[in-house]
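In what follows, residues are counted from 1 in the order of the sequence shown. These numbers come from a predicted model, not from an experiment.
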Amino acid sequence: MLGLSEIGRLGDDWDELFGEVRRTIAGVSANVGVWRDVDSQGWRLDIDLLAESGDSDVQNLLAEVQAEVEAAGVQVVSIARRR
């Protein structure tokens, strides 16, 4: 659904990085990684912004990506954002 690269395996606790994809939403481009959070056993989104953007544009990107991940049945427990 998200177009993630196939990196990790859901059934393997040691595969922390599950997949990555480059997304552009409302003119904001970012690399998105879905990681297993070993502490909570949930999932973490890593968002690497590829250019400076306004805070509202970034919030729109974060909200849309999180909604897509959760629509796929994955509970997001944290989001790490880097510029």
Side-chain angles (χ1 to χ4, degrees):
M1 179 176 198
L2 292 172
L4 296 171
S5 59
E6 297 179 15
I7 298 173
R9 296 170 299 225
L10 284 174
D12 187 341
D13 290 347
W14 293 101
D15 276 350
E16 292 178 316
L17 177 59
F18 182 66
E20 297 176 304
V21 66
R22 177 172 289 180
R23 297 296 307 272
T24 301
I25 297 172
V28 179
S29 294
N31 288 327
V32 178
V34 178
W35 292 78
R36 182 184 319 269
D37 186 315
V38 295
D39 294 327
S40 70
Q41 297 301 305
W43 294 93
R44 183 184 80 231
L45 297 179
D46 279 4
I47 310 285
D48 291 318
L49 299 173
L50 301 176
E52 290 296 320
S53 302
D55 282 337
S56 64
D57 293 333
V58 171
Q59 291 305 316
N60 290 340
L61 176 127
L62 294 175
E64 189 163 329
V65 169
Q66 182 171 354
E68 291 174 1
V69 169
E70 290 179 349
V74 175
Q75 179 64 39
V76 175
V77 295
S78 65
I79 298 175
R81 175 178 137 187
R82 293 182 289 274
R83 288 188 190 241

_Residue pair V34 / L45, side-chain heavy-atom distance below 4.5 Å_ = yes
*Inter-residue atom distance E68.CD - R23.CZ, 0.5 Å rounding*: 4.0 Å
*Set of residues satisfying side chain to side chain donor-acceptor pair (under 3.5 Å) with respect to S29, sequence neighbours excluded*: T24
*Looking only at heavy atoms, which two atoms of A30 and L61 are closest? And how far apart?*
CB-CD2, 4.1 Å
*Hey, quick one: are V76 and V21 part of the same hydrophobic cluster, counting side-chain heavy atoms closer than 4.5 Å, chains of contacts allowed?*
yes
*Below 4.5 Å, heavy atoms only, C-beta onward: do I47 and L62 meet side chain to side chain?*
yes
*E70: what forms a side chain to side chain donor-acceptor pair (under 3.5 Å) with it, not counting sequence neighbours?*
Q66
_Given 3.5 Å as the limit, does a donor-acceptor pair link the side chain of S5 with the main chain of E20, or not?_
yes
